[in-house]
Amino acid sequence: MAEMQNYEQFLNVHGILLTATGLPNSLYHALFQKLSSETLDGGNFFQIESCENGRQRRLILTSEFMGMNSNVFLVDHAWTFRLSDAPIHLEKVPGLTERMGSLMCVDIDLEEHDEGTNGDLNDNNAKVSAEEILESEICRAKEFGNDGVKWLELEELDLDDDNLLSLALPTRCPNLVALSLLGNKINKMDTVLEEISKLKHLRALWINDNPCLENCSSDVEDAIIQAFPKLEIFNSHFTRNYGDWALGFCGDRYCKENPEGDGDHQFPTMTSLDLSDRLIHNMNKKVAFSPVKFPHLTSLNLRGNPLEENSVCELLEILKRFPSLSSLEVDIPGPLGESALEIIESLPNLFLLNGVKVSKILETEKHVVDSILKPRLPEWSPDDSLVDRVLNAMWLNLMTYRLADEEKIDETSVWYVMDELGSALRHSDEPNFRVAPFLYMRDGNLSSAISFTILWPTQDVKKGDECTRDFLFGIGEDKQRSARLTAWFHTPKNYFIKAYERRLQKLQSKHFTSSMDSKKPSNLLRDQNPMRVYTDIPHVQEFLSRPEFVIISEPKEADIIWTSMQVDEESKKAVGIRDDQYINQFPYEACLVMKHHLADTIQEAHGAPEWLQPTYDLERHLSELIGDFYVRERDGLDNLWILKPWNMARTIDTTITSNLSAIIRLMETGPKICQKYIEHPALFRGKKFDIRYIVLVRNMNPLEIFLCDIFWVRLANNSYSLDKRSFYEYETHFTVMNYRGTLNIMQTPEFVKEFEQEHQVKWRDIHERIQNMIKSVFEAAIAVHPEMHNPNSRAIYGVDVMLDASFCPKLLEVTYCPDCTRACKYDSEALFGKGGILKGSDFFNIVFGCLFLNETKFVTPL
């Protein structure tokens, strides 16, 4: 088709796409005109402004007025990519990284950082030493007639344990009130406790970003408190002993120039107090926080504190007693209540709640989520490259679509970043604009389509108004809207942590006891004639050669139906399958072979067994996952997760990330589970590997399952790495190379021998743990879903297993019979190996012999 010439052709080609966008019919013609002439005229109507101290941008209307549905604008796509290609694009496409860095506001400190680095160097290009800083502070204290050094900052000086001891701080600075050792190389917490505990007046201690914290147990704070009975602030968080000094520090009354303040009379003059993110558990701490001490307090920030030791009523009663309090910032939902209205009704004297006028909130008759929550701004370390900054921040800006292609129905999604104008649209629950992706097929063909985003006003907007869109358009609370906003906003941590703790408590209460019937051989009712097998799987037709079986072409006449299609009641009627025919599927086997159902089945039966990584169905348990993420973050644990589609093979749309926004945004490409990544797996030759076990199921009740004596070891192609950039490398973190990369497999005996030599372990011990785990999986299935039992079902399943660094097995997934049968075709030389124990062609003879003739050759009963 030639380039379309008129509006009618445009409608004929794009009619379905136009309807899907939601664009009003009245704007179709205007859109056609702008697409035909490639008119990008947004700059005539809008202006981009910097906000949030340069870390975010917003879009402002510059024309006098724009009515609802009065105009439509084209927004170009600045970057379009598939996720695995993101680092390559940024490194290879000239100017792309710089443009994205500017658009995402992650380049704002580059010049300052370069200048600052130079400023930290002396004339000999070496850092000022800790000894020099200490001597300078001692001289300064003497000069001003102070009672020794009270406040000392020894940050990022490469101090190690010996350096710290050599400074003799208790002798030279016995009256220290605050000490910061942030960003050094102190390895042993014992060194800190032994030396610094002699500082009896210490109120604040910072040892963040030192190796000693990485190796500490979770009760490190208890040890710190015991060593420093007067300590009120540890690593920027309040300790249980917090009091006047900590409150005064947050109120800017205590600082380096004034480490001990001016006594109690300083608090009555304080009008503002920022206590955000201090990990405060209890606000009514003795008399430290009270209206008597802060009679003129007008502004209070309590965001980011769990406050779990106070009830809602208790907290509200405390705040009610502050006569001048008019501005409050707090997590919603959170420790003060579930909604803004609830808090306003309890504190009627408030004028501002989270920076929003109370009158405005009351007018809307609901809490405005985007106004209540603080935006999640891009974060980075000064040492991060611009590419890494963009890869981390892009989840705040990305949009996605998937092209429908009959030949590639499981094709991975396309992600894109709108141009500077489109990316400046911030979120609102009550937006005044709407956006939608649109593919313009100029000549009527998808192959030549150009992608745009279209933008139009959905409310009347006047000059100076901020232009906003709903990041979660069409997604309500039935689809976890509030939790999903965590991708862009700092939502209340305590709310999600409590949801996680409730789920964990429920899982830990599970005590599964197998009630399976005693195992007894099942018998097939057949005469001496060969069993007739109908199959649509070529490899079964080719390799099933035993005389006890004969392949036929008519399913109605078969004794055994071994098929690649899913057999349900509808297909049974269509094909004419009878109840007395054997089928290679069990009813309700989705409880095993779909990843979210598998997790549900195991958790319902076993709770949280060691062999199943923490797993969340994001469609139902996003809040609990967010809580788990926050707890791990709080406790200093690794936070790397893997996201897997419910029912896709070949690791399609599977992603590894430690970015919470990424986890939430990836829900947009389809239903997924989120599972704790095995960060430290057992390696083989320095590479990651997993094992495919073939499980034959003869009966579900009584449970009769058998494990093939030969298993399939699958190796990654690259050496294992936890470098952030490696998470985009398929051949580093994944092992399924049948469709991508070079197939890298081993024969069972060869692998076992070499693995035992490399790790000095006995494989039989590992194998026994794996067998017990696999048995537990199938016991869980029949216990939770007894409807699986069917005396005329037989099946094989693939069970994928990985070992952690302690050689404990971890369940990855279970694949169902047709998938497992197809996988075994590679060309079963992959499974058994040339010259190995068995020939590849023997596989289906063994399977059918076990399942239908009660043989146990080359299989182990579990």
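Looking only at side-chain heavy atoms (C-beta outward), Phe289 and Ile318 come within less than 4.5 Å of each other. Put simply, the side chain of Thr468 does not reach to within 4.5 Å of the side chain of Leu425, judged on heavy atoms. Looking at heavy atoms from C-beta onward, Ile207 lies out of side-chain contact with Ile196 at the 4.5 angstrom threshold. At least one side-chain heavy atom of Leu307 sits less than 4.5 Å from a side-chain heavy atom of Met283. The side-chain heavy atoms of Glu155 and Leu181, taken from C-beta on, include no pair separated by under 4.5 Å. Within the 4.5 Å cutoff, side-chain heavy atoms of Leu316 are placed close to those of Leu347. A 4.5 Å side-chain heavy-atom check between Leu352 and Val358 finds every atom pair outside the cut-off. Arg278 places a side-chain heavy atom less than 4.5 Å from the side chain of Ser236.
One distance of note links OG of Ser346 with CG of Leu336; it measures 8.5 Å at 0.5 Å rounding. Here OG of Ser381 is found 9.0 Å from CG of Asp209. Values are rounded to the nearest 0.5 Å. Remark: Asn208 CG to Leu205 CG distance equals 9.0 Å, nearest 0.5 Å. Rounded to the nearest 0.5 angstrom, Lys479 NZ and Met667 CE are separated by 10.0 Å. Separating the CD atom in Glu624 from the NZ atom in Lys506 is a distance of 9.5 Å, to the nearest 0.5 Å. Note that the CG atom of Asp190 and the CD atom of Glu195 stand 13.0 Å from one another [nearest 0.5 Å].
Using modelled atom types, one side-chain atom of Lys200 and one backbone atom of Ser197 make a donor-acceptor pair closer than 3.5 Å. The main-chain N or O of Met68 is found under 3.5 Å from a side-chain atom of Asp460 such that the two form a donor-acceptor pair. Not one N or O on the side chain of Arg203 forms a donor-acceptor pair closer than 3.5 Å with the backbone of Leu231. With Asp274 contributing its side chain and Leu300 its backbone, the two residues share no donor-acceptor pair below 3.5 Å. Side chain of Asp465 to main chain of Lys462: a donor-acceptor pair is present (N/O by atom type, distance under 3.5 Å, no hydrogens or angles). No side-chain donor-acceptor contact under 3.5 Å links Arg469 to the backbone of Ser428. A donor-acceptor pair is defined here as one N or O able to donate and one able to accept, closer than 3.5 Å; no such pair exists between the side chain of Glu137 and the backbone of Val149. Listed for the Glu379 side chain is no donor-acceptor partner under 3.5 Å among the backbone atoms of Asn392. The backbone N or O of Leu618 lies less than 3.5 Å from a partner atom in the side chain of Gln480, making a donor-acceptor pair. Remark: the backbone N or O of Asp147 is paired with a side-chain donor or acceptor of Asn175 at under 3.5 angstrom.
A salt bridge is absent between Lys493 and Asp277: the closest approach of a Lys/Arg side-chain nitrogen to an acidic carboxylate oxygen does not fall below 4.0 angstrom. Here Glu257 pairs with Arg140 in a salt bridge; the nearest charged N to carboxylate O distance falls below 4.0 Å. The pair Lys672-Asp617 does not count as a salt bridge, with every side-chain nitrogen at least 4.0 angstrom from each carboxylate oxygen. Using a cut-off of 4.0 Å between Lys/Arg side-chain N and Asp/Glu carboxylate O, Arg303 and Glu329 are scored as salt-bridged. Electrostatic pairing of Arg55 and Glu52 does not count as a salt bridge here, judged by no charged N lying under 4.0 Å from a carboxylate O. Between Asp638 and Arg632 a salt bridge is recorded (basic side-chain N to carboxylate O distance below 4.0 Å). With respect to Lys320 and Glu317, a salt bridge is recorded, a charged nitrogen being found less than 4.0 Å from a carboxylate O. Contact check on Asp244 versus Arg253 returns no salt bridge, with no Lys/Arg side-chain nitrogen under 4.0 Å from an Asp/Glu carboxylate oxygen. Using a cutoff of 4.0 Å between basic side-chain nitrogens and carboxylate oxygens, Arg57 and Glu49 are not scored as salt-bridged.
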Full working for side chain to side chain donor-acceptor pair (under 3.5 Å) between Arg503 and Gln508
CA-CA 9 Å; Arg503 182 172 189 266; Gln508 291 174 339; over 6 Å; no
Between Tyr495 and Tyr500, is the ring-ring contact (aromatic ring centres under 6.0 Å, His included) condition met? List the steps.
CA-CA 9 Å; Tyr495 173 82; Tyr500 159 70; over 10 Å; no
Do Cys250 and Leu273 pass the side-chain contact (heavy atoms from CB on, under 4.5 Å) test, and can you show the C-alpha distance, the side-chain angles, and the key distance before you say yes or no?
CA-CA 6 Å; Cys250 292; Leu273 185 57; 4.0 Å; yes
Intermediate values then yes/no, side-chain contact (heavy atoms from CB on, under 4.5 Å), Leu391 and Asn659
CA-CA 10 Å; Leu391 290 172; Asn659 186 316; over 6 Å; no
For the pair Asn639 and Trp641, evaluate side chain to side chain donor-acceptor pair (under 3.5 Å) and give the outcome as yes or no after the intermediate values.
CA-CA 6 Å; Asn639 233 332; Trp641 298 79; 2.8 Å; yes
What verdict does the side-chain contact (heavy atoms from CB on, under 4.5 Å) test give for Tyr254 and Val177, after you've listed the backbone C-alpha separation in whole Å, the side-chain angles of each residue and the deciding distance to 0.1 Å?
CA-CA 10 Å; Tyr254 299 136; Val177 173; over 6 Å; no
With salt bridge (charged side-chain N to carboxylate O under 4.0 Å, His left out) as the test, would you mind laying out the steps for Lys498 and Glu501 before giving the verdict?
CA-CA 5 Å; Lys498 286 183 177 179; Glu501 289 174 341; over 6 Å; no
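Heavy atoms only, all atoms of each residue included: Ser423 and Met418 are closest at OG-O, 2.7 Å. When all heavy atoms of Phe322 and Ser290 are compared, the pair lying nearest together is CZ-C, 3.5 Å. Listed here is the closest heavy atom pair of Ala340 and Leu353: CB-CD2, 3.7 Å. Nearest heavy-atom pair, Leu279 versus Arg634, reported as atom, atom and distance to 0.1 Å: CD1-CD, 4.4 Å. Val461 and Leu61 make their closest contact through O-CD2, 3.5 Å (heavy atoms, listed as atom of the first residue, atom of the second, distance). Nearest heavy atom pair, residue Met104 against residue Pro378, reads O-CG, 3.6 Å.
Between Trp151 and Phe249, the ring planes are parallel. Angles under 30° get that label, and only those over 60° would be called perpendicular.
For Phe65, the CZ atom sits in a packed shell: over 12 heavy atoms of surrounding residues, nucleotides or ligands are nearer than 6.0 Å. Taking a 6.0 Å sphere around NZ of Lys463, one finds it holds 12 or fewer heavy atoms contributed by other residues, nucleotides or ligands. Within a 6.0 Å sphere centred on CD of Glu194, other residues, nucleotides and ligands contribute 12 heavy atoms or fewer. The 12-atom threshold is not exceeded at CD of Gln505, counting heavy atoms of other residues, nucleotides or ligands nearer than 6.0 Å.
Residues Phe489 and His427 place their aromatic rings such that the two centres sit under 6.0 Å apart. Separation of the Phe46 and Phe433 ring centroids falls under the 6.0 Å cut-off.
Between the side chains of Tyr616 and Asp628, at least one donor N or O sits under 3.5 Å from an acceptor N or O. Between the side chains of Thr615 and Gln675, at least one donor N or O lies within less than 3.5 Å of an accepting N or O. Using modelled atom types, one finds no donor on one side chain facing an acceptor on the other under 3.5 Å when comparing Trp488 with Ser661.
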